[in-house]
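What follows is a set of notes on a single structure, which appears directly below.
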Protein chains: 2
Amino acid sequence: MSHTLGIRQAQKQKTRQAFLDAALALLEEQSLSSLGLREVTRAVGVAPTAFYRHFRSTADLGVALVDEALGSLHPMVRTTVSTAGGSEERIARAIELIARHVDTHPAHVRFIARERHGGVQPVREAIRAQLVRFAEEVKAELAKDSEAAGWNDDDLLMLAHLYVDQMLITASLFLEALEAPAEQRERVTQLAARQLRLITVGRRHWLD
Amino acid sequence: MSHTLGIRQAQKQKTRQAFLDAALALLEEQSLSSLGLREVTRAVGVAPTAFYRHFRSTADLGVALVDEALGSLHPMVRTTVSTAGGSEERIARAIELIARHVDTHPAHVRFIARERHGGVQPVREAIRAQLVRFAEEVKAELAKDSEAAGWNDDDLLMLAHLYVDQMLITASLFLEALEAPAEQRERVTQLAARQLRLITVGRRHWLD
DNA sequence: TCATCCAGTTAACAACTGTTCTCCGGAATT
DNA sequence: AATTCCGGAGAACAGTTGTTAACTGGATGA
């Protein structure tokens with residue numbers, strides 16, 4: 001059912017992607033609410049008015065960036081949470097996955113961290129909606145685990161949120177250590193592992 | 001040793017405070033990196049050039065706002081963490097304190113949450129430095145607790161960071177629920193309590 | 001082949017930005 | 001009483017901003 005796009009639509013999507021890429025690069029050193037429309041078109045190498053063919057406003061572009069940054073991440077999270085193995089190796093694998101993702105998509109991660117509480121309401125809401133989805137998916141995976149026996153729904157969702165928030169905090173720490181020596185990156189890894197370990201311990205004794 | 005300021009210095013501090021207040025109000029709906037110098041002076045009702053008498057740039061103003069927002073909060077945190085009582089009442093008291101602070105200083109809290117990962121580097125660093133201080137202070141209080149026996153320094157600091165991050169997350173949730181019905185605010189309280197409870201459980205069984 | 005569509009261009013608009021230099025008048029100092 | 005200090009005002013600067021309208025030329029579909 002994947003129809004090959006016409007020359008026209010293909011070109012449009014190409015320039016649209018160029019807008020997204022240019023904006024993401026510019027947003028490494030500023031927030032969305034200060035990103036100018038002309039600034040983006042200049043970076044793409046196109047007339048200012050061309051912007052309107054793709055986005056209503058920079059806020060609109062921001063929402064598109066949220067989808068690009070988080071939309072394709074859901075399957076990854078699902079499989080990571082559900083992978084079998086001892087708790088210690090699961091923790092190591094999750095942290096490894098975060099570290100790798102920050103390495104390969106630093107600008108996307110920075111954008112999400114920055115605009116989650118940023119100055120543009122529609123973007124904040126888009127991010128919040130995605131994070132709620134993540135939490136629900138994590139909760140669904142947690143519910144399958146044998147350790148979830150006896151847990152009520154509210155407690156499961158609470159734990160899922162805790163995990164999601166913790167992942168964001170860890171990602172942000174890796175981001176800060178991106179250009180730091182390997183030593184500091186290792187310290188971030190250790191800290192994150194310890195925190196996940198403590199949560200795991202709390203989870204294990206929750207029903208006492 | 002508190003010397004009464006001369007008329008001149010008093011007036012200067014007064015306008016400086018007017019700058020801070022006006023900026024904080026403007027920052028409710030945008031981020032610092034898009035805050036214009038003229039925008040602030042217009043809100044204060046003063047000539048644009050007057051700005052330079054108080055701040056080098058808007059980034060400089062932002063750093064001053066960080067100190068105003070977090071500087072006076074340290075004693076509060078210290079006493080809150082160290083207050084005696086059962087763990088359940090301590091949790092309730094901490095959450096109550098956060099809720100009250102968000103109610104009385106919403107703009108300050110929003111500013112910190114927004115600029116913690118925002119687009120202005122000096123401000124990010126100022127916030128980070130303050131949060132590190134908070135974590136160290138919390139760690140020092142935790143170390144006094146009888147439950148900390150056998151804990152090493154790294155683990156204590158890890159737990160302290162967990163608490164500090166959790167406080168920020170909770171504050172941010174209260175902020176989102178500021179104008180929401182009491183029902184939702186109660187749900188935030190319950191969620192935060194549950195999460196702190198799980199951390200407490202993990203803490204209690206850490207040395208197993 | 002011819003008419004239609006539409007992504008991108010060009011030109012122009014009033015409004016706004018940060019920063020400079022020069023000046024004023026009341027407070028502070030001598 | 002005379003002088004210095006200094007927070008703020010005023011005017012002007014070159015550049016920037018978002019948005020509009022009318023246009024161009026190649027892809028599209030009849």
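No hydrogens, no waters, no symmetry mates; every other heavy atom, side chains included, goes into these values. Throughout, a chain's letter reflects where its sequence line sits, starting with A, and its residues are numbered from 1.
- B:R53 places its CZ atom 12 Å from the C1' atom of C:dC24, with the value rounded to the nearest Å.
- No hydrogens or angles considered: nothing links the side chains of A:T200 and A:S87 as a donor-acceptor pair under 3.5 Å.
- Between B:R42 and C:dT17 there is a side-chain N or O to OP1 or OP2 distance below 4.0 Å.
- Contact annotation: B:T49 side-chain N/O to C:dT19 OP1/OP2 distance is not under 4.0 Å.
- Here C:dA7 presents its P atom at 12 Å from CZ of A:F19, a figure rounded to the nearest Å.
- Residues A:Q130 and A:H74 have side chains that bring a donor and an acceptor to within less than 3.5 angstrom of each other.
- Of the candidate nucleotides C:dG8, C:dT10, C:dT19, C:dT19 has the atom lying nearest to any side-chain atom of B:L37.
- Spacing between atom CD of B:E39 and atom C1' of C:dA15 amounts to 14 Å, rounded to whole angstrom units.
- Nearest to the side-chain atoms of A:R38 among the listed nucleotides D:dG8, D:dT19, C:dT9 stands D:dT19.
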Enumerate donor-acceptor pairs with a distance under 3.5 Å from any side-chain N or O in residues 51-66 of chain B to protein atoms, sequence neighbours excluded.
{"from": "B:S57", "atom 1": "OG", "to": "B:A59", "atom 2": "N", "distance (Å)": "3.4"}
{"from": "B:S57", "atom 1": "OG", "to": "B:D60", "atom 2": "N", "distance (Å)": "3.3"}
{"from": "B:D60", "atom 1": "OD2", "to": "B:R56", "atom 2": "N", "distance (Å)": "3.1"}

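- Counting only heavy atoms from C-beta outward, the side chains of A:D165 and B:D165 never approach each other to under 4.5 Å.
- Side-chain N/O atoms of A:S57 include none lying less than 4.0 angstrom from OP1 or OP2 on D:dG18.
- Between D:dG18, C:dG8, C:dG18, one nucleotide has an atom nearer to the side chain of B:Y52 than all others, and that is C:dG18.
- Rounding to whole angstrom units, CZ of residue B:F51 and P of C:dT19 are separated by 9 Å.
- No donor-acceptor contact under 3.5 angstrom links the side chains of A:E179 and A:Q184, judged on distance only.
- Other residues, nucleotides and ligands contribute only 12 or fewer heavy atoms inside 6.0 Å of the CD atom of A:E29.
- There is a side-chain donor-acceptor pair under 3.5 Å between B:Q190 and B:E186.
- The listed nucleotides are C:dG18, C:dA7, D:dT19; the one nearest the side chain of A:K12 is C:dA7.
- Counting non-hydrogen atoms of neighbouring residues, nucleotides and ligands closer than 6.0 angstrom, the CD atom of B:Q9 reaches no more than 12 such neighbours.
- Look at B:R185 and B:D103 and you find a salt bridge, because one of the NZ, NE, NH1 or NH2 atoms lies within 4.0 Å of a carboxylate O, short of that distance.
- Annotated stems with DNA chain C as a participant read C:1-12 with D:19-30, C:14-17 with D:14-17, C:19-30 with D:1-12, given as range with range, by first number; only runs of 3 or more Watson-Crick or G-U pairs under 3.5 Å qualify.
- Looking at the side chain of B:T15, the nearest of the listed nucleotides D:dG18, D:dG7, C:dT9 is D:dG7.
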Counting primed atoms plus P, OP1 and OP2 as sugar-phosphate and everything else as base, spell out the protein contacts along nucleotides 25-30 of chain D at 4.0 Å heavy-atom distance: B, S or - for each nucleotide, 5' to 3'. -BBS--

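- The CD atom of A:Q11 sits 11 Å away from the P atom of C:dT9 (whole-angstrom rounding).
- What separates CG of A:L35 from C1' of D:dT16 is a distance of 14 Å, to the nearest Å.
- A:L162 and B:L198 make their closest contact through CD2-CD2, 3.9 Å (heavy atoms, listed as atom of the first residue, atom of the second, distance).
- For the pair A:Q30 CD and C:dT17 C1', the computed distance is 15 Å after rounding to whole Å.
- Going from atom CD of B:Q13 over to atom P of C:dA27 covers 18 Å, rounded to whole Å.
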